[in-house]
Asks: 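Once you've had a glance at the structure underneath, I'll fire off some questions.
Values below: all heavy atoms of this structure, side chains included; hydrogens, waters and symmetry mates excluded.
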Amino acid sequence: MHTRLRGLLVCLFLAGLVLAGLPAALAGANDNLQQVLARMDKAAGDFKAMTAQVTYVTHTDVLNDDSKEIGTVTMKKVQSGEVLGRVDFTAPDRKTLTFEKRHLQEYLPKINTLQVFDLDKHGEQLDKFLGIGFGTSGTELAKDYDVTVLRSEEPEGEAAIHLQLIPRAGEAKQYVQKIELWIPGEGNPYPLREKIFEPSHDYIVVTYSDLKINPPLDANAMKLKLPAGVKIEYPGK
């Protein structure tokens, strides 16, 4: 699966630390977990859309190499289990990714080319994967993943609970080894950061900033506006 899909979200807390602002000490890790899942349950019904600044760091294990991309992400919930997603990358190269009904489109302005990927074969696992962190209830999350609290941390200067998610289904493990989420210790349970590990030991770290939940969106906010003469490719067909 195309790992950057999770950025549409993009996308997805062992030491005995106690950080100011967290609802409970790690000694009560199970209480922490139940509180986070309960906050997710409450927020899931209210989630309609999100926008954020986003940074992706992709680690390629065999090369021990990291690549960084910066942009903005927009996600809109159409109905239960279905989301629209868009990522506009601004650096190092400009490009746009959109996702709708299990179809990924990637527009590369430098060569005026649109690549279209049909991901329907990934089916239900793809739908569940995309919803993690935004619009997925804690009850659903605990059903599909073994969820544990790793530690309390303070990424980006904000107190957070660091969760680890191990997929229960064998099919899901073909795509994702585990997911780590950093959830604010209080307030809205939307991730500050996500780390997604593939079976190959490659991983991607997604960091969100300037997160806005349920902002007003233009009717065409999720649509690609393509210039004349665009070349369309269907990789894999």
Asks: A side-chain contact here means heavy atoms from C-beta on lying under 4.5 Å apart; do Leu165 and Glu180 qualify?
Replies: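 No, too far: nothing below the 4.5 Å cut-off.
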Asks: So do Leu226 and Tyr107 actually touch side chain to side chain, heavy atoms under 4.5 Å?
Replies: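 Tyr107 reaches Leu226 side chain to side chain.
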Asks: Are side-chain N/O atoms of Asp65 and Thr60 paired as donor and acceptor at under 3.5 Å?
Replies: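 No, because no side-chain N or O of Asp65 sits under 3.5 Å from a partner of the opposite role on Thr60.
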Asks: Could you tell me if Lys77 sits above the aromatic ring of Phe47, with its cationic atom closer than 6.0 Å to the ring centre and no more than 45 degrees from the axis?
Replies: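 Verdict for Phe47: no cation-pi partner in Lys77.
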Asks: Examine Lys195 relative to Tyr203 and say whether NZ or CZ is less than 6.0 Å from the centre of the six-membered ring and inside a 45° cone about the ring axis.
Replies: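 Checked: cation-pi criterion met.
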Asks: Report yes or no: does Asn214 contribute a side-chain atom to a donor-acceptor pair with the main-chain N or O of Lys48 at less than 3.5 Å?
Replies: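 It does hold such a pair.
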Asks: Between Leu33 and Val147, is any pair of side-chain heavy atoms under 4.5 Å apart?
Replies: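 They are in contact (side-chain heavy atoms under 4.5 Å apart), so the answer is yes.
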Asks: Quick one, Thr55 and Lys68 - any side-chain contact, counting heavy atoms below 4.5 Å?
Replies: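 They are in contact (side-chain heavy atoms under 4.5 Å apart), so the answer is yes.
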Asks: Quick one, Val230 and Thr113 - any side-chain contact, counting heavy atoms below 4.5 Å?
Replies: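 No - every pair of side-chain heavy atoms lies 4.5 Å or more apart.
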Asks: With side chains defined as the heavy atoms from C-beta onward, is the minimum distance between Gln105 and Leu114 less than 4.5 Å?
Replies: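 They are in contact (side-chain heavy atoms under 4.5 Å apart), so the answer is yes.
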Asks: Check whether Asn188 reaches the backbone of Tyr190 with its side chain - one donor and one acceptor, N or O, closer than 3.5 Å.
Replies: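 Side chain of Asn188 to backbone of Tyr190: no pair is present.
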Asks: Taking Lys223's backbone N and O only, do any of them form a donor-acceptor pair with Arg86's side chain (distance below 3.5 Å, no angle check)?
Replies: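 Flag set: sc Arg86 to bb Lys223 pair under 3.5 Å.
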Asks: Could you tell me whether a side-chain N or O of Arg94 sits under 3.5 Å from a main-chain N or O of Phe89, the two making a donor and an acceptor?
Replies: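 No; judged by distance alone, with no hydrogens or angles, the pair does not exist.
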Asks: Got a donor-acceptor contact below 3.5 angstrom from the Asp202 side chain to the Asp61 backbone?
Replies: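 Flag set: sc Asp202 to bb Asp61 pair under 3.5 Å.
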Asks: Can His201 and Val62 be said to form a side-chain contact (heavy atoms from CB on, under 4.5 Å), step by step?
Replies: CA-CA 8 Å; His201 303 299; Val62 68; over 6 Å; no
